[in-house]
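Remarks on the structure that follows.
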Amino acid sequence: MTDSKENKKLTLWEKVETTDPEFTTKVNQRGGFTAIGAMYQIKNATEVFGPFGKTKGGGWGVKDELYTPIMNDTLIVYTATFYYDYYDEVVNDKGENEGIVKFAGEFPISSSIKTMMGNKVDDDCIKKVQTDALTKGLSKLGFNADVFMGRFDDNKYVNTPKDSVKSESGSQDEWI
């Protein structure tokens, strides 16, 4: 992380942008992409923001969820509001802690999904559309940005040992 005044706005992003390859999967559909384990993202977000669903004193989650069936009920559009509270230490130019500052925010998230898989009803479509929207919301804050910025498509990035990488808990550990 950088401590320069002009880059303090990237503190949260830089804290959560690195993905542990152990929690990714290569998907060979739609041209191929790297998928991130949703529970890994949720655990990392909980480590940063606090408990999911908590609305006072730190936390994060979604509210105002709406599932709208369209196209003769063959597609579901999910919309919600993603919210979070983020607390960060303020450090002056001398490296001295000047206290804790709260950053809070909320923004809309959405996704859509087909309700059918071939001739069968997709009975997991509600969970899938909600998870997709949630992980897209986390990406807007920088979670796993290295994957979304295409770095996992570069074998040199994925296979080069890092000085540190997020561990399963999301904390910084030595790459082993």
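Side chains are part of it too, since the values below use all heavy atoms of this structure and drop only hydrogens, waters and symmetry mates.
Ion pairing between a basic and an acidic side chain is recognised when a charged N comes within 4.0 Å of a carboxylate O; Lys136 and Asp132 show such pairing.
In this structure, the side chains of Tyr86 and Thr11 come closer than 4.5 Å at one or more pairs of heavy atoms. No side-chain heavy atom of Thr115 sits less than 4.5 Å from a side-chain heavy atom of Asp73. Inter-residue side-chain proximity for Phe23 and Asn44 is flagged as unmet; no heavy-atom pair is nearer than 4.5 Å. No side-chain heavy atom of Glu17 sits less than 4.5 Å from a side-chain heavy atom of Asn144.
Taking the six-membered ring for Trp and thresholds of 30 and 60 degrees, Tyr84 and Phe49 have ring planes inclined between 30 and 60 degrees apart.
Hydrophobic clustering (ILVMFWY, side-chain heavy atoms < 4.5 Å, transitive): Val77 and Val62 are in distinct clusters. Note on Tyr87: it does not cluster hydrophobically with Leu138, by side-chain heavy-atom contacts below 4.5 Å among ILVMFWY residues. Connection of Val48 to Phe52 is established within a shared hydrophobic cluster, with ILVMFWY side chains joined at heavy-atom distances below 4.5 Å, either directly or through further cluster members. Under the 4.5 Å side-chain heavy-atom criterion for Ile, Leu, Val, Met, Phe, Trp and Tyr, Met117 and Ile76 are members of distinct hydrophobic clusters.
Formation of a donor-acceptor pair under 3.5 Å by the Asn72 side chain with backbone atoms of Thr74 is not found in this model. Between the side chain of Tyr40 and the backbone N or O of Asp20 there is at least one donor-acceptor pair closer than 3.5 Å.
The minimum heavy-atom distance between Val147 and Thr34, with the atom names listed, is CG1-O, 3.7 Å. The two atoms that bring Ala145 and Trp13 nearest to each other are CB-CZ2, 3.5 Å, heavy atoms only. For Phe148 against Ser139, the heavy-atom pair with the smallest separation is CE1-CB, 3.5 Å. Across every non-hydrogen atom of Ala38 and Thr135, the tightest pair is CB-CG2, 4.3 Å. Across all their heavy atoms, Cys125 and Ile113 have their closest contact at O-CG2, 3.6 Å.
Between the side chains of Asp146 and Thr18, no donor N or O sits under 3.5 Å from an acceptor N or O.
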- side-chain contact (heavy atoms from CB on, under 4.5 Å) between Thr79 and Thr68: does it pass, once the steps are laid out? CA-CA 8 Å; Thr79 58; Thr68 307; 5.5 Å; no
- Are Tyr67 and Ile126 close enough, and set up right, to give a side-chain contact (heavy atoms from CB on, under 4.5 Å), and what steps lead you there? CA-CA 8 Å; Tyr67 300 87; Ile126 298 297; 3.6 Å; yes
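Rounding to the nearest 0.5 angstrom, the gap separating the NZ atom in Lys140 from the CD1 atom in Ile109 is 8.0 Å. Annotation: the span from Thr24 atom OG1 to Ile36 atom CD1 amounts to 8.0 Å, rounded to 0.5 Å. Atom NZ of residue Lys54 and atom OG1 of residue Thr46 lie 12.0 Å apart, to the nearest 0.5 angstrom. Note that the OH atom of Tyr78 and the OG atom of Ser112 stand 13.0 Å from one another [nearest 0.5 Å]. To the nearest 0.5 Å, the span separating CE on Met39 from OG1 on Thr131 amounts to 9.0 Å. Remark: Lys15 NZ to Glu47 CD distance equals 7.0 Å, nearest 0.5 Å.
Here the two rings, on Trp60 and Tyr83, have centers that are 6.0 Å apart or farther.
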